[in-house]
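Each chain gets a letter, A, B and so on, in the order its sequence line appears, and its residues count up from 1.
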Amino acid sequence: MASEPFRGQKRKREHHHHHSKGGTNPHVNVIQKLDGKITTQGGPQSKSTLQESHSKGGRINQREKAKSLQAVREQLPIWRSRKDIREALDQNDVLILSGETGSGKSTQVPQFLLESQWCKGQIAITQPRRVAAISLARRVAAEMGTTLGSSSPASRVGYSVRFDNSTSPAMRVKYLTEGMLLQELLRDPWLKNYSIVVVDEVHERSINVDLILGFLRRIVTGEAQGEGKREKRLKVVIMSATVDVESFVEFFQTGFRKIEEQQKQEAADEEEDNYSESSWSGISTSEDEKAPLQKDNSIPVNGNVTKALLRFKNKPRDKSDYITINGKVINLVPDRSKSQQKEPCLGQPNGQNEEYRTLDTKHVATCFIKGRQYPVQVFYMPEPTNDFLESSLTAVFQIHYGEPLPGDILVFLTGQDTVEALQKSVEDHATGMAPEMPKILVLPLFAALSPAQQAQVFLPAHGYTRKVILATNIAETSLTIPGIRYVIDTGKAKAKHFHNGLGLESLLVKTISQSSAIQRKGRAGREMPGKCWRLYTEQGYQEMEKTGQPEILRCDLSSALLVMKARGVDDVINFPLMNPPRRDGIENGLLHLLTLGALTERGVISSIGIQMSRLPLLPSLARVIVEGARNDGEYLLEIIDIVAALTVENLFLNPATEEKREEADTARAELTRRQGDLLTFLATVRSYAAENANRKAWTEKRYISHRGMQNVMNVRKQLRSLCQQQKLLPPSSSLKFHDYDEGPLNVSEDISTSILKCFLKGFHANTARLMPDGSYKTFVGNHAVAIHPSSVLFGKKVEALMFVQFVFTNKSYARGVSAVQLNWIGDALDGGEIA
DNA sequence: CCAGGATTT
C-alpha cells in the first residue's frame, strides 16, 4: 500500500451547526423504488404511516398523525421565521430564501404561505427530481393531515411528475418537477392557477431552473407582454442552499429596474425618436459593418454545396436579427414591437397594480435560515496527488484501521471505470487483512447499475462489517445513503460540455466546485458527526470555483430556444437569464431550429415547430416524429418505438465480466440488425412488447434493463397519445397496430430505408463517410469520428453513417449509429427542411 | 479497434 497521505495533515473544522436530538431524519427505514432508482425516505414519513385510508378511522388517524408531526415541525430551524417569511411576501413580490440542509424549507415554506391572506390560488413548488417531488408531497400531506393527491378529491396536497400525476380539485399545495412547470407554462403562460411559485434547489442551476426563473421574472416584473394577463399578482420564492443570494436578488431587481427605465424611455420617446447605439455581449452593432459575424456552414453533399452564410445585424430598437441563406433573408428575432407595445398588462402603471411601480428594493426580500447538520471534520492532503485512485485506496484503509464502527465509507469517484478499478484494489487488499479486523464490503454505485445492485447500498451489512461505497456523482444529490460517517472526496467529476462549432459534446473529468465539495462533505454528517478526507490540498480547495458552471452555459441551446419560442418569447436574445449564454451558442441553436423547419423565415415558430414543442423530446428527435407523420404516418409507430428507446439511457446493460458479456451478445443476437442501432432498437421494443409470459426474465436473459424497458413503454405510450392529440396519428380505434403485441418483429428493407430517411431529417448534420483508410469523417466539418463500442456497427465498414449523438471522451465517438447511403443524405437536404 | 457524470419533459 502507498504511504499514508494524511500523516501530518492539516486539520480544520467547518460548519458546526447547532444540533438538537430528534432531528428531521434520524433514521431511515424505507426503501422505495421509483424509476429504477432506489431512494430512502425519512423515518417520520415512512410509507406505512402514510397508507391512506378512506375510512373514518383512517381520517382520524391522519389528524392524530399530523398532530404528532406538529411537534417535529416546531423543532425545525425555519419554524421561528414563519412570520418573517409571511410578512416578507406580504410586502414584496419576490423572496430569496437561503436555507442550509436540514432547515426544513422545502416542507414548511408552502405551509406557512398557505395562511397568507392574498394566497387564494395554488402554491407550486418545483423540484429538480421526481423522487423529491413525490416524497416531499407525501411528507407535507402527512403534516397537514390530509390524504395525498388523487386518493381523495378533498386532498390539499398533490404532486405532478411525468407519468405520475396525483392531483385533486381542492388541492392547494402542488409539488412538481421543473420540467412539469415548463410544460404547464405552454398551456398557461401566466401561471394563473398559482398564487405563488416556489422554486427549490435553485443553486443546482439546471437549465430548467434558469428558464423558469426567466419566465417568472417576466411575469412578476411585467416584462412579459401580451394578452391574458393575471388579475392578481404572482408571488415568487427562490430557495437556495448556498449563500450566493446576491446574484438572485440582482437578477430580479434588474427586471424591475428595466421596466421602470423602459417606462421613462417611452415617455422620452414621445418627444424624440432615439436611435442610440447599444451593444450586447461584445458584439459590434455598427451598421456599416455588413457581416460582424460570418460563418461558413458548408455542407458538401453530392458535389452540391449548400452555403449558409450567417450575418447578423442589430438595430437596438427593432432587434431585426437575421440570417441570410442562399440570398434569402431570414429573421431570427421577429419584430413585434409595433403590435405589442401599448397593451396594458401586469405591472404597468395604468393598471390596477400600481404598487408595482414604487421601485425601491422592496420588490425583493431576502431571508437566511440556519441549517441543522452534524459537524463534519475535514482533512486535506499535505501535497497534491496525481493518482486519486491510489490515494483513495490508502484513505479507505487508513479509515478502516483508524476509525470506529459503526460508520460506513463513501468515496466520490468519476465514473464506472474508476469505481470498478478501485473496487478491485480494495477487495484485493482486504483479503490480506488480519482476521480480527472488521470485514469490508465494497459496493459500487452508479446510474447504469441495475436497481437490484443499487439496492445493495441501502441494506445494512451483516456481521462485523464496514460498507465501502464507491459512487459517482449520483450520491452527491440524487441518492442519500444511510449510515455514512466517512467521506472520501477525490475532488473530481465528469462534466458534459457542448462545443458549438463542432456540434459535439464532450464528457470529461473536471475539478469540482467548492459548493460540490461542501455538498459531498455534508454526506458524512446526516446522522451523526462525521469526517471528510479531501484528496487535495487546502490550497486546492481555495482555488476551486465557488460554484459549478450553470448547465445553460454548457449545453446545446436549441431545446431551450424552442421552449422559449413555443411560449411566446420571440426576442430570445433579451429573455432574462442569470447567465446569458454566448451569442454564438444562441445563433447556433436558432440556426439548428431553422434547418429543422421549426422556425419560419421570419424567425417565428412554424407549425412544425409548434408540433415539435409539444413532444417531450430533443428538437432533432421531435422533428423525426413530425417527419414520420407525413405520408399518412405510414411508419410513425415504428419511429415512435425507436425514439422511445433512444430517450432511455442505459437500456443495454454492460455485464461486468467478459464471460457474461459474450452471453449477452449471443442472447441479443436475434435483435441485432445490420442496418444499425436504430433498427436494432425497433426489433428490441417489438420483441419485448410481444413477450407476454415473463418480461422480466426476457430482459434478464439479454442483459437489458427491465426498468429501462418499462420506461420505453411509458414513453411510447405517451408519444402515441401526444401524436394522436396532434392528429399526427389517427385515433386509436382506426389504428391498425395499436399495440405491437401482434406486430411483426422484422421490417422490410424498404421500410427500414424509409425510417432511416425520416431520421435524416433530424440528424443530417450527424453524418459521416468512410475514408479510404477505413476511418470515418463527418460531412460537416470533416472531423474524425469513430463508431462507439456499444454500437452494433462497431468495427463495421459502411459507406456512410448517421448517428444520434456525437460525443468526445477519449476520442470522438458516434453513438446510436445507422448505416445510410450517400445519396439519402442529399435527399434529406433537397426535401426542403429550410422551408 | 474497445466504453456512457447526473437530472428531466
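Residue contacts for A/Val509: at a heavy-atom cut-off of 4.0 Å it reaches no nucleic acid atom on any strand shown. Within the 4.0 angstrom heavy-atom criterion, no nucleotide atom of any strand lies near A/Thr477. Nucleic acid contact for A/Thr472: sugar-phosphate only, since backbone atoms but no base atoms lie under 4.0 Å from a heavy atom of the residue. Counting non-hydrogen atoms under 4.0 angstrom, A/Leu507 reaches a base of the nucleic acid. Heavy atoms of A/Glu204 sit nowhere under 4.0 angstrom from any nucleic acid atom. Here A/Arg129 lies in heavy-atom contact (under 4.0 Å) with sugar-phosphate atoms only.
Checked for salt-bridge contact, A/Arg129 and A/Glu204 meet the test: a charged N lies under 4.0 Å from a carboxylate O. For A/Arg205 and A/Asp210, the salt-bridge test passes: some basic side-chain N is under 4.0 Å from an acidic carboxylate O. Between A/Asp641 and A/Arg716 there is a salt bridge, since a side-chain N of the basic residue sits under 4.0 Å from a carboxylate O of the acidic one.
A sub-4.0 Å separation between OP1 or OP2 of B/dA3 and a side-chain N or O of A/Tyr813 is present. Taking only side-chain nitrogens and oxygens, A/Asn810 never comes nearer than 4.0 Å to OP1 or OP2 of B/dC2. A/Ser790 has no side-chain polar atom (N or O) that falls below the 4.0 Å cut-off from OP1 or OP2 of B/dC2.
B/dT9 atom P lies 8 Å from atom CZ of A/Phe163, rounded to whole Å. Taking atom CG on A/Asn208 and atom P on B/dT7, their separation rounds to 14 Å, with Å as the unit. The distance between atom CG of A/Asn473 and atom C1' of B/dG4, rounded to the nearest whole Å, is 15 Å. Atom pair A/Glu505:CD and B/dA6:P shows a separation of 14 Å (rounding to whole Å applied). In this structure, CD of A/Gln611 is placed 18 Å from C1' of B/dT9, rounded to the nearest angstrom. Between A/Phe498 atom CZ and B/dG5 atom C1' the separation is 18 Å, expressed in whole Å. Between A/Glu658 atom CD and B/dC2 atom P there is a gap of 14 Å when expressed in whole angstrom units. In this structure, CZ of A/Arg130 is placed 10 Å from C1' of B/dT9, rounded to the nearest angstrom.
Counting only heavy atoms from C-beta on, A/Lys494 has its side chain closest to B/dG5 among B/dG4, B/dG5, B/dT9. Side-chain proximity of A/Ile474 to the nucleotides B/dG4, B/dT9, B/dT7 is greatest for B/dT7. For A/Ala447, the listed nucleotide lying nearest its side chain is B/dA6; candidates were B/dT9, B/dA3, B/dA6. The A/Lys811 side chain lies nearest to B/dC2 when the options are B/dC2, B/dG4, B/dA6. Closest to the side chain of A/His788, out of B/dA6, B/dA3, B/dT9, is B/dA3.
With the nearest nucleotide of DNA chain B identified for both A/Leu615 and A/Ala495, A/Ala495 has the one nearer the 5' end. Take the nearest nucleotide of DNA chain B for A/Gly795 and for A/Gln416: the residue whose nucleotide is more 5' is A/Gly795.
For B/dG5, the glycosidic angle deviates from 0 by more than 90°, giving an anti base.
In summary, the side chains of A/Ser558 and A/Asp556 do present a donor paired with an acceptor at a separation below 3.5 Å, with no hydrogens or angles considered. Side-chain polar atoms of A/Gln183 and A/Arg162 form no donor-acceptor pair below 3.5 angstrom.
Pairs passing the side-chain hydrogen bond (donor to acceptor under 3.5 Å, both in side chains) check and including a residue from residues 413-422 of chain A, sequence neighbours excluded, read A/Thr414-A/Thr418, A/Gln416-A/Glu420.
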Practice prompt. Apply the test side chain to side chain donor-acceptor pair (under 3.5 Å) to residues A/Ser721 and A/Gln724: give CA-CA distance (whole Å), side-chain angles for both, the deciding distance (0.1 Å), then the verdict.
Written response: CA-CA 5 Å; A/Ser721 146; A/Gln724 281 169 347; 5.5 Å; no
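Other residues, nucleotides and ligands contribute only 12 or fewer heavy atoms inside 6.0 Å of the CG atom of A/Asn386.
Residues from residues 642-655 of chain A with heavy atoms under 4.0 angstrom of DNA chain B, sorted by number: A/Asn654.
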For residues 647-658 of chain A, tabulate all N or O donor-acceptor pairs below 3.5 Å that involve a side-chain atom, not counting sequence neighbours.
from: A/Thr647; atom 1: OG1; to: A/Ala644; atom 2: O; distance (Å): 2.7
from: A/Thr657; atom 1: OG1; to: A/Lys660; atom 2: N; distance (Å): 3.2

